[in-house]
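Letters go in sequence order (proteins before strands), and every chain restarts at 1.
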2 protein chains.
Amino acid sequence: MHTRTVYFVSDGTGITAETFGNAILAQFELTPRRLRAPFTDTVDKAHQVVRQINHTADLEGSKPIVFTTLVNMEVLKVLQEGCKGMLLDMFGTFVHPLEQELALKSHHRVGRFSDISRSKEYTDRIEAINFSLAHDDGQSHRDLAGADVILVGVSRSGKTPTTLYLAMQHGLKAANYPLIPEDFERHQLPPALMPYRKKIFGLTISPERLSEIRSERRPDSRYASLENCRMEVHEAESMMRRSGIRWLSTTTKSIEEIATTILQELQPERLVY
Amino acid sequence: MHTRTVYFVSDGTGITAETFGNAILAQFELTPRRLRAPFTDTVDKAHQVVRQINHTADLEGSKPIVFTTLVNMEVLKVLQEGCKGMLLDMFGTFVHPLEQELALKSHHRVGRFSDISRSKEYTDRIEAINFSLAHDDGQSHRDLAGADVILVGVSRSGKTPTTLYLAMQHGLKAANYPLIPEDFERHQLPPALMPYRKKIFGLTISPERLSEIRSERRPDSRYASLENCRMEVHEAESMMRRSGIRWLSTTTKSIEEIATTILQELQPERLVY
């Protein structure tokens, strides 16, 4: 059973409102019902949303929590004046003090994600996603010189989700390259990567967790056996240590934490802006 | 030249701080320099960050803008007391009023993205990413019954980035399926998809933009020619109309806007929580 209803109201996609609201809600032991009202960009739509919120308030006998990132002041006013929920308004709260400090007027432009589909930043990001897909799992050696980051590690150590996240979130061209038995025999990083050592980052993982993950895909295989996972992880870590590249263990880390650590360590040029 | 320096200070990855800060900065005509201080989770690290901020303030003769999502009160206090920047503090501002309204204490837990790497929600998300990769571009018909969303459209209409975004951001299993000349001759959606009509969403794009995008990959090809693009788009749109599936044009939309619209239309079960 939910104990509260939470609304995310935005004149754009609502992604910022959700990120903002969920971060704050994560500070409470609470399993609220979440309702979204994206593209609330007219006074009429705002009245509709207010009616819905007030209906919830009457039904549940407690104030719905309403996170808003409305930039259109007329639309916001409809909520401020008519809504029985508790309004947590990100823009109103922070934009006005910032106008003072910057001595600049904000332009109340709706939607951080609209009108960007043809911008340079946006096409760079799409290009980065395509690059990362084309360079997933060592598929292509072409254009590795153009990569911002190259991840290495044994199969299922977390390379693919991390490279896609780096591309999607940060617009980085991220390649990934598996470490395989041939590399272990050679005791060296894959030769194709040697020219790009500065961009390489290693991922490792505990053999126990690796065996669990691989077992979901191929149960009872040699590939997933704890013995084989121990060997591969040991070889991969020795190689990373020897070659002097930076690396981390993904065992208890989320994609977001792995990506942030990589960015802190590698400081890719493209992110300095 | 940048006119201001902006800091994002967090005790976790800083992703929420950046989302929060960038959404607010987008309201101003300003090209600030952005500096990140993730993992600021001790009083010592906070003092370091304060020194850096104050150094910037002295050097530039204006207050740096400091967005924080610090939940550790001791760490936050170091910034509040010593920092010469303008502090925009998301948690302090909203968490306390919410404690009152909910009659609950917040637990000041650091990092929305830590300790989640083994949660059900997190493993579902990784599984969704793997599913979407395995079902990119019609690669596999297997398990289509398990998909939350199936996107269709001509090559380069935006299917791949959108499916990956739906997986990464919302944990949805999103497949995508290209519409090709055979389908146009048959005048029907690909037969493999017919059982899943309710989950299908179509993407289209203006022939001019499609020709531009395809020309970057294969200049002067028939594939990229405006004539061919016109034909494919016309056929695809007729088919979508005839089959009664929902669809939209991606021409001037960002991935975020496309994804939000799809979610509003399809209302996938997995997102109701």
Side-chain angles (χ1 to χ4, degrees), chain A residues 4 12-16 19-20 22-24 26-30 34 38-39 63 65 69 71 86 88 90-91 93-95 97-98 101-102 104 106-109 111-118 122 126 129-130 133 136 160-161 164-165 168-169 250-254 256-257 259-260 264 273, chain B residues 4 12-16 19-20 22-24 26-30 34 38-39 63 65 69 71 86 88 90-91 93-95 97-98 101-102 104 106-109 111-118 122 126 129-130 133 136 160-161 164-165 168-169 250-254 256-257 259-260 264 273:
Chain A
R4 279 289 173 144
T13 61
I15 292 163
T16 304
T19 308
F20 154 56
N22 283 331
I24 288 165
Q27 293 304 314
F28 294 92
E29 290 301 334
L30 192 72
R34 289 171 163 87
F39 305 126
K63 281 189 181 178
I65 311 300
T69 51
V71 289
M86 180 191 195
L88 298 175
M90 181 163 126
F91 281 172
T93 307
F94 294 112
V95 168
L98 203 51
E101 170 58 34
L102 296 173
L104 272 178
S106 72
H107 42 48
H108 296 284
R109 196 164 53 191
R112 210 157 58 86
F113 298 105
S114 62
D115 301 329
I116 62 167
S117 62
R118 300 190 73 159
Y122 186 76
I126 298 290
I129 295 170
N130 289 330
L133 281 174
D136 184 36
T160 296
L164 289 175
Y165 183 83
M168 184 95 58
Q169 180 78 15
T250 65
T251 312
T252 58
K253 288 197 160 61
S254 67
E256 285 81 359
E257 291 173 302
T260 304
Q264 273 199 308
Y273 54 110
Chain B
R4 279 289 173 141
T13 60
I15 291 163
T16 304
T19 307
F20 155 56
N22 283 331
I24 289 165
Q27 293 303 315
F28 294 92
E29 289 302 333
L30 192 71
R34 289 171 164 86
F39 306 125
K63 281 188 181 178
I65 310 301
T69 51
V71 288
M86 180 192 195
L88 298 175
M90 183 163 125
F91 281 171
T93 307
F94 293 111
V95 168
L98 204 50
E101 170 58 33
L102 297 173
L104 272 180
S106 72
H107 43 48
H108 295 284
R109 196 162 55 191
R112 211 157 57 85
F113 298 105
S114 61
D115 301 328
I116 61 166
S117 61
R118 299 188 73 158
Y122 186 77
I126 298 289
I129 295 170
N130 288 330
L133 281 173
D136 184 36
T160 297
L164 289 174
Y165 182 84
M168 183 95 56
Q169 179 79 14
T250 66
T251 312
T252 58
K253 288 198 161 62
S254 66
E256 285 81 359
E257 291 174 302
T260 304
Q264 273 199 307
Y273 55 108

K.L.:
Give, as side chain, backbone, both or neither, the part of B/Met90 having an atom under 4.5 angstrom from any heavy atom of chain A.
P.N.:
both

K.L.:
How many angstroms lie between CG in A/Leu30 and OG in B/Ser106, if you round to the nearest 0.5 Å?
P.N.:
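Nearest 0.5 Å value for the CG-OG distance: 12.0 Å.
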
K.L.:
With respect to chain A, which residue among B/Thr93, B/Leu98, B/Thr160 yields the maximal number of heavy-atom pairs within a distance under 4.5 Å?
P.N.:
B/Leu98

K.L.:
Work out which heavy atom in A/Glu29 is nearest to a heavy atom in B/Leu104; give both atom names and the distance.
P.N.:
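Closest heavy-atom pair between A/Glu29 and B/Leu104: O-CD1, 3.7 Å.
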
K.L.:
Using 0.5 Å steps for rounding, measure from the CD1 atom of B/Ile15 to the CD atom of A/Glu256.
P.N.:
5.0 Å

K.L.:
Chain A: which of B/Glu101, B/Gln264, B/Met168 shares the most heavy-atom pairs with it under 4.5 Å?
P.N.:
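Winner by heavy-atom pair count: B/Glu101.
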
K.L.:
If every non-hydrogen atom of B/Thr19 is compared with every non-hydrogen atom of A/Thr16, which pair is closest and at what distance?
P.N.:
O-CG2, 4.3 Å

K.L.:
On a heavy-atom basis, which atom in B/Phe28 and which in A/Val95 lie closest, and how many Å separate them?
P.N.:
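That closest heavy-atom pairing would be CZ-O, 3.7 Å.
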
K.L.:
Looking at every non-hydrogen atom in both residues, tell me the closest pair between A/Phe94 and B/Ile24 and how far apart they are.
P.N.:
CB-CD1, 3.6 Å

K.L.:
Tell me, for B/Leu102 versus chain A, whether the close heavy atoms (under 4.5 Å) come from the side chain, the backbone, both or neither.
P.N.:
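Both the backbone and the side chain of B/Leu102 come within 4.5 Å of chain A.
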
K.L.:
Tell me, for B/Ile129 versus chain A, whether the close heavy atoms (under 4.5 Å) come from the side chain, the backbone, both or neither.
P.N.:
side chain

K.L.:
Is A/Met86 close to chain B through its backbone or its side chain, or both, or neither, when contacts mean heavy atoms under 4.5 Å?
P.N.:
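Contact with chain B: side chain only.
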
K.L.:
Locate the shortest heavy-atom distance separating A/Ala23 from B/Phe91; write the atom from each residue and the value.
P.N.:
O-CZ, 3.6 Å

